[in-house]
Structures are given as structure tokens and as C-alpha cells.
Amino acid sequence: MAGKPKLYYFDGRGKMESIRWLLAAAGVEFEEKFLETREQYEKLLQSGSLLFQQVPLVEIDGMKMVQTRAILNYIAGKYNLYGKDLKERAWIDMYVEGTTDLMGMIMQLPLQSAEMREKNLALIIERAKTRYFPVYEKALKDHGHDYLVGNKFSWADIQLLEAILMVEECKPDILSAFPQLQAFKGRISNIPTIKKFLQPGSQRKPPADDKYIANVRKIFNI
């Protein structure tokens with residue numbers, strides 16, 4: 001029997017968080033090896049485990065996988081969260097790329113100056129309201145299903161919930177104009193594996209704080 005996947009990253013969200021979400025939603029237990037020092041990162045580099053000298057790194061099924069999208073694709077496919085055919089995968093990919101763009105903007109905020117942070121926070125909220133959330137609201141309304149693609153729970157649903165919760169941390173009432181997304185949030189949050197991941201004490205990480213950012217800068221000498 002294969003062991004639990006091992007996740008190598010910092011003790012924070014970053015690019016690993018969507019991987020944590022996907023594994024947790026699939027009901028897969030995983031171990032985490034946190035990078036806390038420059039020496040730990042250099043040891044990984046010297047071992048040859050980091051194909052492109054970057055984390056995230058996930059050890060799964062005898063592989064040492066890097067590149068966030070490749071890891072997510074593999075996990076989604078392995079646990080039947082990636083649609084039944086190429087067309088469904090294409091729709092899942094499109095929806096996932098949208099939420100990835102939105103979440104990427106949020107992940108950059110802690111790295112920015114106070115002035116830039118305020119400006120970009122306003123941009124994030126505006127984009128969520130006018131560019132991203134309307135797409136998902138319309139999709140759910142038009143097809144009348146509980147899920148985004150094929151009336152079946154998929155990676156696209158998992159990542160949309162992650163994005164919603166991240167934007168709500170920026171603006172708690174962001175869903176006030178999106179009734180379909182409000183209902184979607186309630187449904188997906190109550191799926192047992194996701195409900196467990198949302199409970200205190202899970203492996204879900206909090207928003208980045210100054211300590212986390214300082215540690216990342218120290219490890220990468222930036």
C-alpha cells in the first residue's frame with residue numbers, strides 16, 4: 001500500500017494551498033514537511049528533487065512532482081475529479097484558470113507596500129464582482145445543476161469555493177449580489193470531506209502574515 005503523499009512547502013498557503021484543498025476534498029490524508037530554513041531548501045536542491053529548483057514539491061505514487069498545475073492535474077485525474085471526457089476537462093480547466101488568476105492576485109497582496117496593497121485590494125474586489133464571479137453565477141443559473149461541470153462534483157467546484165472564501169476574507173459581503181454562489185458555497189462547504197477541512201485544527205492554512213512572509217524572504221534570500 002502506498003504511503004501518504006508528502007507535501008514540501010512553507011507553513012502557509014501559497015501555491016500549495018490548492019493542492020491541500022484538492023487532496024482534502026478527495027479524502028486523502030497527507031503529510032507536510034515545512035521548509036523553515038535556507039539549509040532545508042538547499043538540501044532539497046542538492047538532492048535533485050526540485051526539477052526546476054522550485055517548490056511546491058509533492059511525493060506521490062513514487063514520483064517527486066513539481067509545478068503546481070501538473071500536481072493538481074494528476075490529483076484531480078487520480079481521484080475522479082476531472083470530468084468524464086475531454087470537453088468536461090476543458091470546462092474544468094477554464095473555470096480553474098479563472099479562479100487561479102483571482103487567487104493569484106490575492107496571494108500577491110502581502111508582498112506589496114501598504115499603498116500598493118490598498119490599490120490592488122480595490123482592484124481584486126472590482127474584478128471579483130465584474131469579471132470572475134458573474135461567470136460562475138451565470139453557469140450555475142443557466143444549467144440549474146449543483147456543480148459547475150457535468151452535474152458532478154469536480155476540481156472546478158473545489159477551487160471555486162477556495163476562491164470565494166479568499167475573497168470573502170477581503171470583503172465579507174462579496175456574495176451579496178450572487179445568490180447562486182451563496183447557495184453553492186453552502187452546498188460545497190457541507191460535503192463531508194470539505195466540511196472537515198474547514199474545521200479548526202485541519203491542515204488548511206490561514207492568510208499570510210508578516211512572520212510567514214519574512215520566513216519566505218529569508219529562505220530565498222530576497
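Bear in mind the structure is a predicted one, so any value in this text is a computation, not a measurement.
Distance alone, capped at 3.5 Å, places no donor-acceptor pair between the E162 side chain and the I158 backbone. Judged by distance alone, the side chain of D142 and the main-chain N or O of A139 form no donor-acceptor pair under 3.5 Å. Side-chain N or O atoms of Y136 include one that pairs as donor or acceptor with a backbone N or O of Y95 at under 3.5 Å. Not one N or O on the side chain of E88 forms a donor-acceptor pair closer than 3.5 Å with the backbone of V149. With hydrogens and angles ignored, the 3.5 Å screen pairs a side-chain donor or acceptor of Q203 with a backbone N or O of F30. Judged purely by atom type and a 3.5 angstrom limit, R38 has no side-chain atom pairing as donor or acceptor with the backbone of K218. A donor-acceptor pair is defined here as one N or O able to donate and one able to accept, closer than 3.5 Å; no such pair exists between the side chain of S189 and the backbone of G186. Put simply, the side chain of D11 never gets that close to the backbone of E36: no donor and acceptor are under 3.5 Å apart. Here the side chain of E118 pairs no donor or acceptor atom with the backbone of E115 at under 3.5 angstrom.
Under a hydrophobic-cluster definition in which Ile, Leu, Val, Met, Phe, Trp and Tyr are linked whenever side-chain heavy atoms come within less than 4.5 Å, directly or via other members, I19 and F52 are assigned to the same cluster. There is no path of hydrophobic side-chain contacts, each under 4.5 Å, that joins L45 to F34. M103 and I213 end up in the same hydrophobic cluster when Ile, Leu, Val, Met, Phe, Trp and Tyr side chains are linked at under 4.5 Å. Under the 4.5 Å side-chain heavy-atom criterion for grouping Ile, Leu, Val, Met, Phe, Trp and Tyr, I106 is not connected to M116 through any hydrophobic cluster.
Test Y74, W155, F153 against Y82 for ring pair (Phe, Tyr, Trp, His ring centres under 6.0 Å) and you get one pass: W155.
Applying the salt bridge (Lys or Arg N to Asp or Glu O under 4.0 Å) test to residues at least two apart or on different chains, the pairs with a partner in residues 71-82 are D61-K78.
With contacts defined as side-chain heavy-atom distances shorter than 4.5 Å, the pair L50/V55 qualifies. A 4.5 Å side-chain heavy-atom check between R187 and D157 finds every atom pair outside the cut-off. Between Q67 and Q54 the shortest side-chain heavy-atom distance falls below 4.5 Å. Looking only at side-chain heavy atoms (C-beta outward), E17 and R204 come within less than 4.5 Å of each other. For the pair L7/R20, a side-chain contact is recorded, criterion being any heavy-atom separation below 4.5 Å from C-beta on. When side chains are defined from C-beta on, V167 does not count as touching L175, because their heavy atoms never get closer than 4.5 Å. In this structure, the side chains of L165 and K185 come closer than 4.5 Å at one or more pairs of heavy atoms. Residues L140 and Y147 fail the side-chain proximity criterion, which asks for heavy atoms closer than 4.5 Å.
The two residues T193 and A25 make their nearest non-hydrogen contact at OG1-O, 2.8 Å. Taking all atoms of both residues into account, the shortest heavy-atom contact from I92 to G83 is CD1-N, 3.4 Å. Closest of all the heavy-atom pairs between A208 and P110 is CB-CG, 3.9 Å. Of all non-hydrogen atoms in V58 and P5, the two that sit nearest each other are CG1-CB, 4.5 Å. When every heavy atom of P56 is checked against every heavy atom of I71, the shortest pair comes out as O-CD1, 4.1 Å. Nearest heavy-atom pair across T99 and A163 is CG2-CB, 3.8 Å.
A distance of 10.0 Å separates CD in Q112 from CG in L121, rounded to the nearest 0.5 Å. We find the CD-CG distance between Q159 and L72 to be 6.5 Å, quoted to the nearest 0.5 Å. Taking CD1 of I75 as the start and OG of S18 as the end, the distance is 10.5 Å to the nearest 0.5 Å. Of the inter-residue distances, the one linking L44 atom CG with E42 atom CD reads 10.5 Å to the nearest 0.5 angstrom. The distance from atom NZ of K119 to atom CG of L109, rounded to the nearest 0.5 Å, is 13.0 Å. Considering CE of M105 and SG of C170, their distance stands at 10.0 Å, rounded to 0.5 Å.
In this structure, a donor-acceptor pair under 3.5 Å is present between the side chains of Y8 and E59. T68 and K15 share no donor-acceptor pair across their side chains, judged by distance under 3.5 Å alone. Inspection of the N120 and Q108 side chains reveals no N or O donor paired with an N or O acceptor under 3.5 Å.
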(request) Run the numbers on Y79 and L22 for side-chain contact (heavy atoms from CB on, under 4.5 Å), then give the verdict. (result) CA-CA 9 Å; Y79 295 105; L22 193 55; over 6 Å; no
(message) If you apply the rule ring-ring contact (aromatic ring centres under 6.0 Å, His included), what do you find for F184 with F178, and how did you get there?
(response) CA-CA 10 Å; F184 172 89; F178 301 101; over 10 Å; no
(message) For a side-chain contact (heavy atoms from CB on, under 4.5 Å) check, start with the C-alpha distance between L160 and L181, then their side-chain angles and the critical distance, and finish with the verdict.
(response) CA-CA 9 Å; L160 176 55; L181 288 181; 4.0 Å; yes
(request) Begin from the C-alpha positions of M65 and L57 and carry the test side-chain contact (heavy atoms from CB on, under 4.5 Å) through to its verdict. (result) CA-CA 6 Å; M65 295 195 70; L57 166 67; 5.9 Å; no
(request) Take F10 and Y212 through the side-chain contact (heavy atoms from CB on, under 4.5 Å) test and state the conclusion after the steps. (result) CA-CA 8 Å; F10 315 104; Y212 170 76; 3.5 Å; yes
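E126 and K129 are not joined by a salt bridge, as no carboxylate oxygen comes within less than 4.0 angstrom of a charged side-chain nitrogen. Note on E32 versus K205: salt bridge recorded, some NZ/NE/NH1/NH2 to OD/OE distance being below 4.0 Å. For K4 and E31, the salt-bridge test fails: no basic side-chain N is under 4.0 Å from an acidic carboxylate O.
In D210, the CG atom is not crowded: 12 or fewer heavy atoms of neighbouring residues, nucleotides or ligands sit closer than 6.0 Å. The number of heavy-atom neighbours closer than 6.0 Å to CD of Q199, taken from other residues, nucleotides and ligands shown, is above 12.
Listed by chain and number, the residues in a side chain to side chain donor-acceptor pair (under 3.5 Å) with E169 are R13 (sequence neighbours excluded).
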